[in-house]
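Computation of the quantities below employed the complete heavy-atom set of this structure, encompassing side-chain atoms and omitting hydrogens, waters and symmetry-equivalent molecules. Proteins get letters first, then strands, A, B, ... in listed order; numbering begins at 1 in each.
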Protein chains: 2
Amino acid sequence: MKRVAARKPSAAAARERLASWIASRGLKATRQRDLIVDTFFTQTGHLSVDELLDKVTARDSSIGAATVYRTMKILTDAGLASARHFEGGQTRYEAALDRHHHDHLICTSCGRIFEFENERIEELQARVAEQHGFRVTHHKLELYGLCKACQERQQ
Amino acid sequence: MKRVAARKPSAAAARERLASWIASRGLKATRQRDLIVDTFFTQTGHLSVDELLDKVTARDSSIGAATVYRTMKILTDAGLASARHFEGGQTRYEAALDRHHHDHLICTSCGRIFEFENERIEELQARVAEQHGFRVTHHKLELYGLCKACQERQQ
DNA sequence: TTTCATTTTGAAATTGATTCTCAATCTCGA
DNA sequence: TCGAGATTGAGAATCAATTTCAAAATGAAA
Ligand SMILES: [Mn+2]
Ligand SMILES: [Mn+2]
Ligand SMILES: [Zn+2]
Ligand SMILES: [Zn+2]
């Protein structure tokens, strides 16, 4: 039996949650899904399907892109991943289990993504919504610009 | 000479600004562009290219979609329109001349879009950026949910 | 175990918004 | 009026994502 690399505790929990999600709706467990989910939770950050596909096909080159798309949709529906639609193209996914809501700073030069939480901003948003009689289901706050490193690099 | 419908004062200003923008970079004035620009500034709100194309082809059915895309790009580059990328596909454009920065509430049921300005939120965003040593170029704050009317309609 | 209805898969086709290409047509300064 | 250069509309191309479909895999019941 092969020894398995240590994994983040949340990864195991996520796999368990996924198993019951799958069982509870008559879906079936598959080798491909397991591998994709395992690969996803082994990574950190905000992954595009393309990037994830690369890691996945490095492990099993027979897995198709459609299956990765489909699996990430399942993870999202199960609340184990969140889909983020930043500017400029592909959807990115991040692990969602045991994570607080947070927003993002995106460097338009190097593409790095930073996270922040700001309770005060959330409150003010809620107040704005209230003033409009609006019931907010979700929101998006994204700050685009140059990260510290890129500012320094550009002198 | 045909009488022209009364138009918002900003529309005339925008056309003037566009004329000098076009002249200043060796572009040429065209009938199609005039008609598209005129149609755009006659409308209010956040228009998709498809919606704009409909209004445009109602006036001249020979105008192609590519020309509408190209014209909206010019208006955007000239700072006379802003492109908004809300959830769900197409870019929407709104008039930008003499408008403050503002953010949006988007009803996911009826699609209506409401605007707000909140100086306090802007300040807090600036502070967040500062804490990360980030130089923000632009940001996006969008609140999605049900507008008042849609809440009431759904009982 | 075997059966077999159901789900899943990978490849390829399709979608939908947008951009590009290209030959024909227009614009505008000389 | 001329002609270099810009613009046009149609259709092709692009790109991420979804759908289709026939073959393969899964798992509950027998
Ligand atoms: Mn994040
Ligand atoms: Mn607006
Ligand atoms: Zn950077
Ligand atoms: Zn509504």
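In this structure, the side chain of Arg112(B) does not engage the main chain of Cys107(B) through any donor-acceptor pair within 3.5 Å. Under a 3.5 Å cut-off, the side chain of Arg33(A) and the backbone N or O of Lys28(A) do form a donor-acceptor pair.
Annotation: of the two residues near DNA chain C, Gly89(B) and Leu27(B), the 5′-most nearest-nucleotide partner is Gly89(B). Of the two residues contacting DNA chain D, namely Gly26(B) and Ser62(B), the nearest-nucleotide position lying further toward the 5' end is that of Gly26(B). Remark on DNA chain C: of its neighbouring residues Gln90(B) and Arg25(A), the 5'-side contact belongs to Arg25(A), judged by nearest-heavy-atom nucleotide.
When the P atom of dA16(D) is taken as reference, atom CZ of Phe86(A) falls 17 Å away, rounded to whole Å. What separates CG of Leu52(A) from P of dA17(D) is a distance of 12 Å, to the nearest Å. Atom NE2 of His85(B) is separated from atom C1' of dT18(C) by 11 Å (rounded to the nearest Å).
Ion pairing of Arg127(B) with Glu130(B) is absent here, as no side-chain N (NZ or NE/NH1/NH2) approaches a carboxylate O to less than 4.0 Å. Ion pair Glu94(B)/Arg99(B) flagged as a salt bridge, since at least one NZ, NE, NH1 or NH2 atom sits closer than 4.0 Å to an Asp/Glu carboxylate oxygen.
Using a 4.0 Å heavy-atom criterion, one finds that Ala65(A) contacts no nucleic acid atom at all. The residue Arg70(B) sits close to a base: some heavy atom pair falls under 4.0 Å.
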Between N or O atoms, less than 3.5 Å apart, protein on one side and nucleotides 1-5 of chain C on the other: list the pairs.
none

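Remark: Val37(A) engages Arg15(A), Leu18(A), Phe41(A), Thr71(A), Leu75(A) in a side-chain contact (heavy atoms from CB on, under 4.5 Å) (not counting sequence neighbours).
Sorted by residue number, the list of members of residues 73-82 of chain B with any non-hydrogen atom under 4.0 Å from DNA chain D is empty.
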